[in-house]
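First up is the structure itself, then whatever we jot down about it.
This one's a predicted model, so the numbers in the text were calculated from it and none came from an experiment.
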Amino acid sequence: MLDRNRRVRENVLAVRRMTMTIDGDTRDVEVSYLRAGRSTPGRAPIVLVHGTPGSLTTWGSVIFGNGGFRGLAADHDVYAIEVAGHGFSRVEWPPYSFQKCADFVAEFLREMGLSGVCLVGQSYGGEFVWRAAVDHPDLVARVVLIDSSGYRRPDDGWMPEEVEIRGHPLARWGYLLNSPDRLRTALVPQFLRPVTDDEVEEFFLTCDNADNWLAMTGIARDENGTREADIRRIAQPTLLLWGAGDITYPPERYAKRFAADIAGSELRVIEGSGHYVQEERPDEAARLISEFASRQ
C-alpha cells in the first residue's frame, strides 16, 4: 500500500465473511472494509462509499485528518467499504450495474447490524448511496452526495475516456493496455491542483486487474439515468458537496438539479476542488460531513 495510505494501513483493513443476496443470487463473500473512530451517543455511524474506479483508500485524509485538521474518526464511528468488483477487494460479482452495487452497500449495512447511518458516496458511489437510501430507508438516516451521478447525461456530456469505455467493442479488455500514463491523462482534468504520482499509482492499481476493469466498464455503460425520477423520493436529510471545478458533473447542471429535486437538501459548492472533493479538500469535506452527521 502506498505511503500516502499509511494511516489506513496502520488501522488494519478488516475482512469479514458475509452472506449476501443480490438480485436473487445468494453468496458467501469476504468483504473488505475499514472501521475507525469511536461510537458517540447521539451520533450515527458514518459509512463512506467510494466511486468507480476507486477504493476505500480515497477516504484516508477525510477519516484521519493530516495534522492540519480533524478527521472524521476523531469524533465519529466511521466505516469505509470496498464495493464488489472495486478497489483491492476480491469480491467478484459480475455483471456489474449501479443497482447491484447499491444492493451490495445495503447488504453490507445489514450484515454489520448497522441502521440509521449517515451514508456518504462520491461520484458513481453517490448513486450507489442514493439508490440504497431510497430502497432501504430503514437503514439510512442521512445522505451525503459528493459530485454524484444519477441523471441522464447528454451526448456531449461524457469525458473522452468514458466515450471509449462505453462505445468501443473491446473496451472490456482495456486493462491489458492500462498504464500509469494513460491514467494520468484521464485524471489531470478532474483535479484543479497537480495530480501526484502516488494518486496516479493508486488509481492504476485499482484498475489493473480484469474484474476491476469489468466493473468500471459495466457501470459506465449502465449510466443512463433510468432511476433519475427516484431522486425526488430521497426523504432523508441530504447534504450535497460539489467541487466548483467538476467537469464530469458540473455543479450548474447537476448539483443544482439534485438540490431542486431533493426536498430540504443543502448544497455546498467547494472552491479549489474538481471532481474529487475528498482528495483535494479533505479538510472541508471532513468538517461539513461531521457537522451534518452530528445534527439531532
Evaluation steps, side-chain contact (heavy atoms from CB on, under 4.5 Å), between Trp59 and Val78: CA-CA 11 Å; Trp59 301 108; Val78 185; over 6 Å; no
For Gln122, all residues meeting side chain to side chain donor-acceptor pair (under 3.5 Å), sequence neighbours excluded: Gln278
Ser290 (side chain) donor-acceptor with Ala286 (main chain) under 3.5 angstrom: no
Lys/Arg N to Asp/Glu carboxylate O, Arg232 vs Asp230, below 4.0 Å: no
Residue pairs involving residues 276-295 (criterion ring-ring contact (aromatic ring centres under 6.0 Å, His included); sequence neighbours excluded): Phe191-Tyr276, Phe203-Tyr276
Donor-acceptor under 3.5 Å (Asp23 side chain, Asp25 main chain): no
Pairs touching residues 110-127 that satisfy salt bridge (charged side-chain N to carboxylate O under 4.0 Å, His left out), sequence neighbours left out: Arg110-Asp138, Glu127-Arg131
Ring geometry between Phe258 and Tyr151 (parallel below 30°, tilted from 30 to 60°, perpendicular above 60°): perpendicular
Gap between atom CD of Glu92 and atom CG of Asn212 - 0.5 Å precision: 8.5 Å
Donor-acceptor under 3.5 Å (Glu107 side chain, Ile22 main chain): no
Gap between atom CD1 of Ile219 and atom OG1 of Thr52 - 0.5 Å precision: 4.0 Å
Check: Trp130 side chain, Gly121 main-chain N or O, donor-acceptor pair, under 3.5 Å: no
Salt bridge Glu291-Arg295, side-chain N to carboxylate O under 4.0 Å: no
Evaluation steps, side-chain contact (heavy atoms from CB on, under 4.5 Å), between Val277 and Glu284: CA-CA 8 Å; Val277 170; Glu284 192 73 352; 6.0 Å; no
Note, Arg268 side chain near Leu241 side chain (heavy atom, < 4.5 Å): yes
Under 3.5 Å side-chain donor-acceptor pair for Gln99 and Asp135: yes
No-hydrogen, no-angle side-chain donor-acceptor test under 3.5 Å, Tyr254 and Asp246: no
Straight-line distance of Ser123 OG to His50 NE2, nearest 0.5 Å: 11.5 Å
Rounded distance [0.5 Å steps], CG in Leu145 versus CD1 in Ile231: 8.5 Å
Close side-chain approach of Val91 and Phe104, heavy atoms under 4.5 Å: yes
Main-chain N/O of Tyr249 paired with Trp242 side-chain donor or acceptor, under 3.5 Å: yes
